[in-house]
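As structure tokens, the structure follows; a few thoughts come after it.
Computed from a prediction, not measured in an experiment: that's the story for all the values here. Proteins get letters first, then strands, A, B, ... in listed order; numbering begins at 1 in each.
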Amino acid sequence: MPELPEVETIVQGLKIAVTQQKIEQVKIYDPKVAKMLAGEDITGRRIINIRRRGKYIIFELNKGLALIVHLRMSGRLLYQQHEPQSNRWVRTVIKLDNGFLIFQDRRRLGVMEASCFSDLNCRLGVEPLSPEFNSDYLVQKLAVSKRPIKVFLMDQTIIAGIGNIYAQEILFAAGIHPQRQAVSLSNNEIERLVEAIKNVLMLAIRHQGTTISDFQNADAIEGNFQNLLKVYGRENEPCLVCQTPIKRIKQQGRSTYFCERCQK
DNA sequence: CCGCCAGCCTGAAGGC
DNA sequence: TGCCTTCAGGCTGGCG
């Protein structure tokens, strides 16, 4: 169930392993995936490159096609040398020259499809770690939004890759209350927010992402950013800065944890 | 146009 | 033990 840092970790882990390998066979065990892959036959194509866009994993294949994977809440992508024991969570097994790429998904919300990449790209906002994401960009987007800032940060058409955990960690780092209206942020707060977004995401990538319940990277290695979480999952525990108990509220049906003293 | 919410799915955990 | 509710790192379509 990954956000940007977890997806980035998976992509980096797969890069050397799968680049230039040929897809020899595709075994689909889930009718939903079968439907998603029905349009194009990817067998016989070569993986030219693998990269991340937002929370999407993109395998660029030859002849202009891409295999696009989104893990949603419970998906995993693994690479191993031997064919996996099939179990009820294995949705797809892709046999490459030298190993097996396995798509597992407990809740079956994930997406695996073969298509061209351009329509996906124009649905997504900027990459938060790119130079195009800066306070000028954010000022312009915040000015027209009355939504709570936490909900705003999770809007993939504005910034691609931030989800429920990192939105909260970012707002804590920036000292901004999650219920503040987007449009109400001052220039100073916007600067802090841009800094926090870049810093939190980069730090999380350095720590190979957050592992709670079942995130693993492509080699089934766990990340360790969960040890550095300051608010997420810490209801009633003391704030690491001021000792005030961390509060939990709901925003659009999802939990938000924050410190009401540090975040104004 | 904008913001919100149910629905998509399944499994784990907690309350009674 | 069993049943019921709630919750889970996401996104989409449809509604007001």
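Checking B/dG3, C/dG9, B/dC8 against the side-chain heavy atoms of A/Lys32 singles out B/dC8 as nearest. You'll find that the side chain of A/Leu109 is closest to B/dC8, out of B/dC8, C/dT12, C/dG9. You'll find that the side chain of A/Arg248 is closest to C/dA8, out of C/dG9, C/dG10, C/dA8. For A/His70, counting side-chain heavy atoms from C-beta on, the closest listed nucleotide (C/dC11, B/dG3, B/dC8) is C/dC11. In this structure, of C/dG9, C/dC11, B/dC4, it is C/dG9 that holds the atom nearest to the side chain of A/Ile212.
A/Gln252 has no side-chain polar atom (N or O) that falls below the 4.0 Å cut-off from OP1 or OP2 of B/dG3. One finds no side-chain N or O of A/Ser145 lying less than 4.0 angstrom from the OP1 or OP2 phosphate oxygen of B/dC2. For A/Arg147 and B/dG3, the shortest distance from a side-chain N or O to OP1 or OP2 is below 4.0 Å.
Using modelled atom types, one finds no donor on one side chain facing an acceptor on the other under 3.5 Å when comparing A/Gln140 with A/Asp136. Between the side chains of A/Glu6 and A/Tyr166, at least one donor-acceptor pair of N or O atoms lies under 3.5 Å. In this structure, a donor-acceptor pair under 3.5 Å is present between the side chains of A/Tyr79 and A/Gln21. No hydrogens or angles considered: a donor-acceptor pair under 3.5 Å links the side chains of A/Asn164 and A/Lys150. No side-chain donor from either of A/Ser186 and A/Asn188 sits under 3.5 Å from a side-chain acceptor of the other.
Residues A/Ala204 and A/Phe225 share a closest heavy-atom pair of CA-CD1, 3.5 Å.
Atom CD in A/Glu235 sits roughly 16 Å away from atom P in C/dT6 (whole-Å rounding). Atom CD1 of A/Ile57 is separated from atom C1' of C/dG9 by 14 Å (rounded to the nearest Å). Look at NZ on A/Lys141: it is 14 Å from C1' on B/dC1, rounded to the nearest Å. Remark: P of B/dC4 and CG of A/Asp155 are 11 Å apart, rounded to the nearest angstrom. When the P atom of C/dG9 is taken as reference, atom CE of A/Met154 falls 8 Å away, rounded to whole Å. If you take CG of A/Leu4 and P of C/dC11, they are 11 Å apart, rounded to a whole angstrom. Whole-Å rounding puts the A/Ile149 CD1 to B/dG3 C1' distance at 15 Å. A straight line from CG of A/Leu229 to P of C/dG9 spans 12 Å, rounded to a whole angstrom.
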> Step by step, would you call A/Phe100 with A/His82 a ring-ring contact (aromatic ring centres under 6.0 Å, His included)?
Replying inline: CA-CA 7 Å; A/Phe100 296 86; A/His82 52 93; 8.0 Å; no
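With respect to the salt-bridge test (charged N to carboxylate O, under 4.0 angstrom), the residues A/Arg53 and A/Glu127 qualify. A salt bridge between A/Lys95 and A/Glu83 is absent, with no side-chain N of the basic residue lying under 4.0 Å from a carboxylate O of the acidic one.
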> How does protein reach along nucleotides 10-15 of chain B, written 5' to 3' as B (base within reach of a heavy atom under 4.0 Å), S (only sugar-phosphate), or - (no contact)?
Replying inline: BS----
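Annotated stems with DNA chain B as a participant read B:2-8 with C:10-16, B:10-16 with C:2-8, given as range with range, by first number; only runs of 3 or more Watson-Crick or G-U pairs under 3.5 Å qualify.
Comparing the P positions of C/dC7 and B/dC5 gives an interatomic distance of 15 Å, to the nearest angstrom. Rounded to whole Å, the separation between the P atoms of B/dA6 and C/dT6 comes to 13 Å. C/dT12 and B/dG11: their C1' atoms are spaced 23 Å apart (whole Å).
Among the protein residues, A/Gly253 comes within range of no part of the nucleic acid, since none of its heavy atoms lies under 4.0 Å from any strand.
Mapped onto DNA chain C by nearest heavy atom, A/Lys250 and A/Lys55 fall at different nucleotides, with A/Lys250 at the one closer to the 5' end.
Scored by the side chain to side chain donor-acceptor pair (under 3.5 Å) test, A/Asp30 finds A/Arg108 as partners (sequence neighbours excluded).
In this structure a side-chain-to-backbone donor-acceptor pair under 3.5 Å is missing from A/Lys230 to A/Cys239.
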